[in-house]
Amino acid sequence: MTQEIHNCIIIGSGPAGYTAAIYAARASMKPLLFTGKEPGGQLMITNDVENYPGYPDGIMGPEMMADFRKQAERFGTDIKMEMIESVSFDGDVHTVVSETGDEYKSHSVIISTGASAKWLGLESETRLMNQGVSACAVCDGFFFRGKDVIVVGGGDTAAEEATFLTKMCSHVHLLVRRDEMRASKIMQERVLNNDKLTVHWNSSTLEVLGETEVEGARIKNTVTGEESTIASSAFFVAIGHKPNTGMFKDYLKMDDHGYLITHPDSTHTDIGGVYVCGDAQDSKYRQAVTAAGTGCMAALDAERYLTEQGII
């Protein structure tokens with residue numbers, strides 16, 4: 001029996017994957033979407049989303065992703081609650097293999113596998129997730145305006161998020177593990193010259209304090225061994241993100257951090273019929289609305305490719 005060749009397979013859900021599915025389905029591409037191990041992506045661990053257009057009263061992240069999924073299904077997207085384990089992008093028809101070992105073939109593939117925030121690995125950090133612990137200052141800083149907050153990290157991301165938070169928070173404590181920052185010189189200058197920002201050098205976090213919401217952190221000086229406590233209403237972890245792109249390393253170009261590289265102003269990769277959207281490609285903005293926008297772009301790029309090839 002001849003194996004079915006799909007027009008479009010989407011690997012990963014979240015705002016990028018579901019938006020790609022909506023556009024692909026409306027273009028009669030009959031997309032097949034694999035949700036991955038975290039259906040809905042990072043928004044599934046986000047309580048209040050107040051910065052996505054169309055939700056004037058805000059919305060819970062999981063509820064928002066449920067709406068995205070319903071809309072994708074409404075137009076005919078076939079959604080499978082499975083992970084893709086491996087891919088083969090040799091030839092004009094591409095192959096993906098699911099966790100069950102089943103092979104699926106498609107003329108086009110849209111990658112929307114996203115990225116995962118790196119965490120410290122503390123029990124208290126996990127327990128207070130969305131109760132003041134966050135990995136996105138742009139997303140959640142607004143909830144802590146006028147309050148003291150903590151940011152952990154020493155790179156550009158931490159410097160950017162700490163500086164951003166000073167615009168709305170009373171004071172920002174930046175915990176840097178070493179006696180110097182890895183951030184670029186200009187970002188370090190912005191941090192060190194900001195009166196609303198205090199850097200705590202050689203500092204590691206022992207525990208995030210609070211029972212039902214963040215009340216501060218217990219830290220340790222890595223040189224002297226001295227322990228101390230900082231009071232705060234939020235604890236932002238800014239030690240980086242890891243794109244979920246490992247399975248594509250043999251086929252697609254990546255930057256030094258694993259983010260997939262696309263052609264300028266498009267979602268095209270160097271392989272015909274393979275497109276990337278969302279946080280698997282975007283290391284700069286990492287917002288739901290920008291991910292959704294690139295999901296739209298990927299579906300439009302895939303549609304044009306299939307049309308040019310005479311497939312649809």
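Residues satisfying the ring-ring contact (aromatic ring centres under 6.0 Å, His included) criterion with H257, sequence neighbours excluded, are absent altogether. Qualifying side-chain contact (heavy atoms from CB on, under 4.5 Å) partners for S266, counting only residues two or more places apart in sequence or in other chains: H263, H268, D301. For C136, the disulfide (SG to SG under 2.5 Å) partners two or more places apart in sequence, or in a different chain, are C139. With sequence neighbours left out, the ring-ring contact (aromatic ring centres under 6.0 Å, His included) criterion links H200 to H173.
Contact record, I219 with S203: CD1-OG, 4.1 Å, taken as the closest heavy-atom pair. In plain terms, the two heavy atoms of I10 and P31 that are nearest each other are CD1-CB, 4.0 Å. Summarising the geometry of A217 relative to T205, their closest heavy-atom pair is CB-CG2, 4.5 Å, with the distance given to 0.1 Å. Looking at every heavy atom in both residues, T269 comes nearest to V276 through CG2-CG2, 3.5 Å. C8 approaches I110 most closely through the heavy-atom pair SG-CD1, 3.8 Å. Residues C169 and K196 approach most closely at O-NZ, 2.8 Å, considering heavy atoms.
Residues F248 and V109 fail the side-chain proximity criterion, which asks for heavy atoms closer than 4.5 Å. Looking at F164 and V151, their side chains never come closer than 4.5 Å, going by heavy atoms from C-beta outward. Taking 4.5 Å as the limit, every side-chain heavy atom of P15 sits out of range of all side-chain heavy atoms of V289. Counting only heavy atoms from C-beta outward, the side chains of I111 and V87 never approach each other to under 4.5 Å. Counting heavy atoms from C-beta on, the side chains of T126 and W119 never come closer than 4.5 Å. A 4.5 Å side-chain heavy-atom check between V133 and V208 finds at least one atom pair inside the cut-off. Side chains of I9 and Y104 form a contact here, defined as non-hydrogen atoms less than 4.5 Å apart.
A donor-acceptor contact under 3.5 angstrom links the side chains of K105 and T95, judged on distance only.
Following chains of ILVMFWY side-chain contacts shorter than 4.5 Å, one can reach I59 starting from Y52, so the two form part of one hydrophobic cluster. Linking Ile, Leu, Val, Met, Phe, Trp and Tyr whenever their side-chain heavy atoms come within less than 4.5 Å puts M29 and F68 in one cluster. A single hydrophobic cluster is not seen to contain both I150 and F144; linkage of ILVMFWY side chains at heavy-atom distances under 4.5 Å, directly or through other members, places them apart. A chain of hydrophobic side-chain contacts below 4.5 Å, direct or via other Ile, Leu, Val, Met, Phe, Trp or Tyr residues, connects M181 to L165. Grouping the Ile, Leu, Val, Met, Phe, Trp and Tyr side chains by contacts below 4.5 angstrom, directly or via other members, places Y305 apart from F89.
Sorted by first and then second residue, the salt bridge (Lys or Arg N to Asp or Glu O under 4.0 Å) pairs with a member in residues 71-97 read R69-E73; sequence neighbours excluded. Sorted by first and then second residue, the salt bridge (Lys or Arg N to Asp or Glu O under 4.0 Å) pairs involving residues 8-30 (not counting sequence neighbours) form an empty list.
With rounding to the nearest 0.5 angstrom, the CE atom of M247 is 11.0 Å from the CG atom of L252. Interatomic distance, CD of E103 versus CD of Q3, reported as 6.5 Å (0.5 Å rounding). The CG atom of D256 sits 11.0 Å away from the OG atom of S283 when rounded to the nearest 0.5 Å. Between the CD1 atom of I271 and the OH atom of Y251 there is a distance of 8.0 Å, given to the nearest 0.5 Å. For the atom pair CG of N7 and CD of E303, the computed distance is 11.0 Å after rounding to the nearest 0.5 Å. Remark: S112 OG to L33 CG distance equals 6.0 Å, nearest 0.5 Å.
At least one donor-acceptor pair under 3.5 Å links the side chain of N244 to the backbone N or O of T113.
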Begin with the C-alpha distance, continue with both residues' side-chain angles, and end with the deciding distance and a verdict on side-chain contact (heavy atoms from CB on, under 4.5 Å) for M187 and R190. CA-CA 5 Å; M187 290 307 302; R190 290 176 185 172; 3.4 Å; yes

